[in-house]
Amino acid sequence: KQKRAEAKEKAKAEREALKRLFNYDKSKRGYFYFACLMAVVNGAVLPFFSLIISDMMEVLALPDAPDYRERANRGCLYFFICAIVIFFANLFQLGAFGQVAHELATKLRINLFTKLLKMDMSFYDNPENTPGSLCTKLAQDCTKVQSLTTTTVGVYIQAVSGFITGVVIAFTSSWQLSLITLAYSPIIVMSGQMVTKFQQGFSKDNDKAYEESGSFVAEAVNNMRTVASFGREENLCRSYNKKLDEPLRLAIKKGSYAGLGFGFSNLAMFGLNALVFYIGALFMRDIDLTFKNLFRSFFGITLAAMGT
């Protein structure tokens with residue numbers, strides 16, 4: 001119960017922090033809303049491929065049909081239109097988010113640097129607040145906030161938009177097969193979330209490890225005359241190498257877990273293919289499910305799950 005309460009308090013604090021962050025700079029709010037709209041369009045385009053691909057597969061399966069050439073040309077035209085929509089949606093989304101991110105990061109860095117100049121001298125006596133450490137935080141923390149409020153928001157909006165669009169397309173094609181596919185899709189989502197969680201966790205540890213080594217280098221460079229006068233260059237190099245051992249160990253560990261996560265993600269995807277085609281073959285035999293609706297339902301949910 002205590003852990004659950006602590007988790008709720010942490011989640012509440014994070015929501016409040018995000019709310020304050022989004023209200024921090026309102027000068028580019030129009031750009032932000034426009035970028036979110038483009039993210040919705042960008043996420044919805046991918047599931048629409050299920051409609052075009054299923055139609056094209058049906059067309060290519062009947063090359064002797066009288067309207068074969070007409071339907072094939074129409075399908076190619078739809079692919080071209082989708083390519084243009086994706087191009088401009090990505091262009092406007094990333095451009096607008098980039099404008100918002102630049103303004104936010106600039107304002108954060110200026111305000112943070114101004115705050116550091118006003119801190120009491122006792123603040124700089126703390127070993128954790130060395131010049132190298134503060135410079136690292138000034139560079140990295142603002143970049144992380146910039147990514148959180150722009151790139152991350154865009155990814156989540158794309159995922160929600162794509163998932164809703166894919167589910168609607170799949171259920172209008174075959175609700176029976178869509179229910180089975182939708183019941184399996186959390187496994188795909190969980191595998192992706194597992195990989196992301198591993199990467200985020202290791203990134204936090206790496207940042208801390210590199211912050212210590214960066215602070216060590218900054219102190220050595222600032223006192224280079226003293227180091228050279230005592231001839232301690234080799235000792236400093238050995239000490240710096242030792243400080244890099246921990247990031248190396250974390251990188252090896254991260255690679256192992258990331259490989260395991262990606263392997264499980266591919267296993268889940270191919271398992272879904274096997275399940276859907278097996279059940280789909282049974283439905284085509286028993287409930288007269290059409291070839292086109294089978295692939296519309298399959299690609300609708302699959303592409304939506306891939307987008308998340």
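Hydrogens, waters and symmetry mates are skipped; everything else that's a heavy atom, side chains included, is used.
Contact annotation: the side chain of Arg296 approaches that of Asp55 to within less than 4.5 Å [non-hydrogen atoms, C-beta and beyond]. Using a 4.5 Å cut-off on side-chain heavy atoms (C-beta onward), Phe87 and Ile84 make no contact. The side-chain heavy atoms of Phe299 and Phe49, taken from C-beta on, include no pair separated by under 4.5 Å. Here the side chains of Phe32 and Val153 are in contact, with some heavy-atom distance below 4.5 Å.
Scanning all heavy atoms of the two residues, the minimum distance from Ile187 to Ala268 falls at CG2-CB, 3.9 Å. Taking both residues in full, the closest heavy atoms of Thr165 and Ala44 are given as OG1-CB, 3.6 Å, listed atom of the first, atom of the second, then distance. For Leu177 against Gly280, the heavy-atom pair with the smallest separation is CD1-N, 4.1 Å. Arg71 approaches Met56 most closely through the heavy-atom pair O-SD, 4.4 Å. Of all heavy-atom pairs between Gly300 and Ser50, the closest is N-CB, 3.5 Å.
Using a distance-only test at 3.5 Å, with no hydrogens or angles considered, no donor-acceptor pair links the side chain of Ser161 to the main chain of Gln158. At least one donor-acceptor pair closer than 3.5 Å links the side chain of Thr172 to the backbone N or O of Val168. Under a 3.5 Å cut-off, the side chain of Ser297 and the backbone N or O of Leu294 do not form any donor-acceptor pair. No donor-acceptor distance shorter than 3.5 angstrom exists from the side chain of Ser174 to the backbone of Asn293, with no hydrogens or angles considered.
Taking CG of Leu94 as the start and CE of Met38 as the end, the distance is 12.0 Å to the nearest 0.5 Å. Taking CZ of Phe80 as the start and SG of Cys82 as the end, the distance is 11.5 Å to the nearest 0.5 Å. Separating the CZ atom in Phe295 from the OG1 atom in Thr290 is a distance of 11.0 Å, to the nearest 0.5 Å. Note: Phe34 CZ to Cys36 SG = 11.0 Å, rounded to the nearest 0.5 Å. Separation of atoms CD1 (Ile157) and CD (Gln93) is listed at 8.0 Å; rounding is to 0.5 Å. The line from CD1 of Ile81 to CD1 of Ile86 is 12.5 Å long, rounded to the nearest 0.5 Å.
Here the rule is ring-ring contact (aromatic ring centres under 6.0 Å, His included) with Phe298, and of Phe277, Phe283, Tyr184 only Phe277 fits it.
One hydrophobic cluster, built from ILVMFWY side chains closer than 4.5 Å, holds both Val276 and Ile53. By the rule that hydrophobic residues join a cluster once side-chain heavy atoms approach within less than 4.5 Å of another member, Leu289 and Ile169 end up as members of separate clusters. Connection of Leu60 to Leu62 is not established within any shared hydrophobic cluster, with ILVMFWY side chains joined at heavy-atom distances below 4.5 Å, either directly or through further cluster members. Hydrophobic clustering places Tyr33 together with Val40 (ILVMFWY residues linked when any side-chain heavy atoms are closer than 4.5 Å, directly or through intermediates). Note: the hydrophobic cluster containing Ile180 also contains Phe291 (ILVMFWY, side chain heavy atoms under 4.5 Å, direct or indirect links).
Scored by the side chain to side chain donor-acceptor pair (under 3.5 Å) test, Arg74 finds no partners at all (sequence neighbours excluded). With sequence neighbours excluded, the residues forming a side chain to side chain donor-acceptor pair (under 3.5 Å) with Asp120 are Ser122, listed by chain and number.
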